[in-house]
2 protein chains.
Amino acid sequence: MVQNSLIKGTLNPIILRLLSERKRLYGYEITQLVKEISDGKIELTFGALYPILHKLEVDGVVKTESEVINNRNRIYYSLTETGKNTAKERVAELEDFVNTLRVLLKPNFGLEYAIAK
Amino acid sequence: MVQNSLIKGTLNPIILRLLSERKRLYGYEITQLVKEISDGKIELTFGALYPILHKLEVDGVVKTESEVINNRNRIYYSLTETGKNTAKERVAELEDFVNTLRVLLKPNFGLEYAIAK
DNA sequence: TTGATATATATAAGTTTCTTATATATATTT
DNA sequence: AAATATATATAAGAAACTTATATATATCAA
């Protein structure tokens, strides 16, 4: 499992990334998808997930459809039109962040020129 | 600037990464180094930095040397022997996390085989 | 038929981790 | 004289999670 503290701040853009690649997803499905894609390394808890989804809905980023499947209620989330742009922005920020981290992790930070050790 | 919320949880391992590459660093120097390496994208504030450094010292991960330079006090931080192992572990976790994020950002999450869209 | 596991959503209390504001002090540049 | 750079530090507050708890149905194993 990924050190929990590292996840902070990345769950929101991760969820938007998932919704960008799929037409619609329901909450439980999102937790399973994150687990599967991350090879079990990222465990997205419900306590984190649902508040994020609810806020995204309030902010008009996602919209919901409720369906009863196997006698259980299932709430599908999908990006709104404006939400698609929001998702693009947040995902781009995450990509930028990942690239910055990669530089920080390079031997000597990729600064091959003269910087005193 | 990187979306602030993304930084959460990564500052600690980033500082340990810097200290792994340098013999010793002082606080102000760390903020400048992070700014330089990240091309201005990560702004490490003092309010975040010093509490982290103090905790690392209390935990025996870093040790300090105080020197007066240009009439100003300067506190150098360096990894202790056990701190070097701690740093290796935290940096490895961060590398692992970055790799996981990269998979999540891949088109279709790198899952080219059959997963219903 | 009982218990465990999987499916499914939800909220509240608590913790961690950072931001913002504030304080102090010297050196250098304009 | 004022602004900027250097240098460390703490406190209040906000953001973003974790952990605990609640509710309910379906399936599988003993």
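In what follows, chains carry the letters A, B, and so on, assigned in the order in which the sequence lines appear, proteins first and then strands, with residues in each chain numbered from 1.
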Next on the checklist: In whole Å, I'd like the distance from the CD1 atom of I52(B) to the P atom of dT16(C).
Outcome noted: 14 Å

Next on the checklist: Please determine whether any donor N or O and acceptor N or O are separated by less than 3.5 Å between the side chain of K8(A) and the base of dT17(C).
Outcome noted: no

Checklist outcome for this item: A correct 5'-to-3' footprint of nucleotides 19-28 of chain D, with B, S and - meaning base, sugar-phosphate only and no protein heavy atom under 4.0 Å, is B-----BS--

Item to check | R22(A) side chain to N108(B) side chain, donor-acceptor N/O pair below 3.5 angstrom | outcome: yes

Next on the checklist: Output the rounded distance in Å from NZ (K55(B)) to P (dT16(C)).
Outcome noted: 9 Å

Item to check | Whole-Å gap separating C1' (dA5(D)) and OH (Y26(B)) | outcome: 11 Å

Checklist entry - Looking for any heavy atom pair under 4.0 Å, which part of the strands does T10(A) touch: base, sugar-phosphate only, or nothing? => result sugar-phosphate

Next on the checklist: Heavy atoms only, 4.0 Å cut-off, all strands: where does L49(A) land among base, sugar-phosphate and nothing?
Outcome noted: nothing

Item to check | Atom-to-atom span, CG of L44(B) to P of dC18(C) - whole angstrom | outcome: 9 Å

Next on the checklist: Angle between the two end axes of the helix from dT1(C)-dA30(D) to dT30(C)-dA1(D), five base pairs per end, rounded to 10 degrees?
Outcome noted: 20°

Checklist entry - Ignoring hydrogens and geometry, is there a side-chain-to-backbone donor-acceptor pair from R90(A) to N85(A) under 3.5 Å? => result no

Checklist entry - Tell me: CG of L11(B) to P of dA16(D), nearest whole Å? => result 15 Å

Checklist outcome for this item: Whole-Å distance, H54(B) NE2 to dT17(C) P, equals 16 Å

Checklist entry - Parallel under 30°, tilted from 30 to 60°, perpendicular over 60°: which one fits the rings of Y26(A) and Y76(A)? => result perpendicular

Item to check | Distance in angstrom units between L53(A) CG and dC17(D) P, rounded | outcome: 12 Å

Item to check | Worked verdict on N73(B) versus S66(B) for side chain to side chain donor-acceptor pair (under 3.5 Å) | outcome: CA-CA 7 Å; N73(B) 197 40; S66(B) 193; 2.9 Å; yes

